[in-house]
Amino acid sequence: MADASDAERLEVSRVLSLVASHGLSQFNEDFFQSCIDFASRQSTLQPKKIGEIGAMCVTMYFKLSEQNSRP
């Protein structure tokens, strides 16, 4: 993933935002670009494929949302 080009990251961000955003407007290109850029700087995530990182972004979003909604 660390060697993914900017164009590849943008394309994956677009595809993921189309798939994930059906009814969930927070999953837009900016969300995925930001998350993918952050993940690319994490050494433990660099061996992952860019699509795997996109899926992890969605999973983490829901985990954080669930934690924040607990009393």
Side-chain angles (χ1 to χ4, degrees):
M1 190 226 10
D3 59 350
S5 69
D6 287 344
E8 185 179 12
R9 290 177 186 196
L10 180 60
E11 181 62 25
V12 169
S13 296
R14 285 181 181 154
V15 170
L16 289 171
S17 67
L18 285 173
V19 171
S21 68
H22 292 281
L24 301 170
S25 61
Q26 65 272 31
F27 294 136
N28 56 28
E29 287 178 37
D30 290 337
F31 168 80
F32 285 107
Q33 282 183 312
S34 175
C35 187
I36 288 169
D37 286 344
F38 172 79
S40 72
R41 295 187 298 272
Q42 309 307 308
S43 61
T44 57
L45 298 176
Q46 288 181 358
K48 301 282 187 188
K49 293 183 179 181
I50 198 166
E52 292 174 303
I53 296 299
M56 289 172 62
C57 291
V58 173
T59 300
M60 288 307 298
Y61 175 87
F62 283 119
K63 283 185 179 182
L64 290 173
S65 294
E66 185 178 292
Q67 289 175 358
N68 290 336
S69 67
R70 290 182 185 162

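Values in this document were obtained by computation on a predicted structure and should not be read as measured data. Any value given below was found using the heavy atoms of this structure, including those in side chains, with hydrogens, waters and symmetry copies removed.
- Within the model, atoms CG of D6 and CG of D37 stand 7.5 Å from one another, a figure rounded to the nearest 0.5 Å.
- Hydrophobic cluster membership is shared by F62 and F31, with clusters built from Ile, Leu, Val, Met, Phe, Trp and Tyr side chains linked at under 4.5 angstrom.
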- prompt: Yes or no on side-chain contact (heavy atoms from CB on, under 4.5 Å) for M60 and C35, after CA distance, side-chain angles and deciding distance?
  reply: CA-CA 10 Å; M60 288 307 298; C35 187; over 6 Å; no

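- Looking at heavy atoms from C-beta onward, F32 lies out of side-chain contact with I53 at the 4.5 angstrom threshold.
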- request: Go through L10 and E29 one step at a time and tell me if the side-chain contact (heavy atoms from CB on, under 4.5 Å) criterion holds.
  value: CA-CA 8 Å; L10 180 60; E29 287 178 37; 3.9 Å; yes

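- Taken to the nearest 0.5 Å, the CE atom of M56 stands 11.5 Å off from the CD1 atom of I36.
- Remark: the backbone N or O of R41 is not paired with any side-chain donor or acceptor of Q46 at under 3.5 angstrom.
- At distances below 3.5 Å, at least one donor-acceptor pair connects side-chain atoms of S65 with backbone N or O atoms of Y61.
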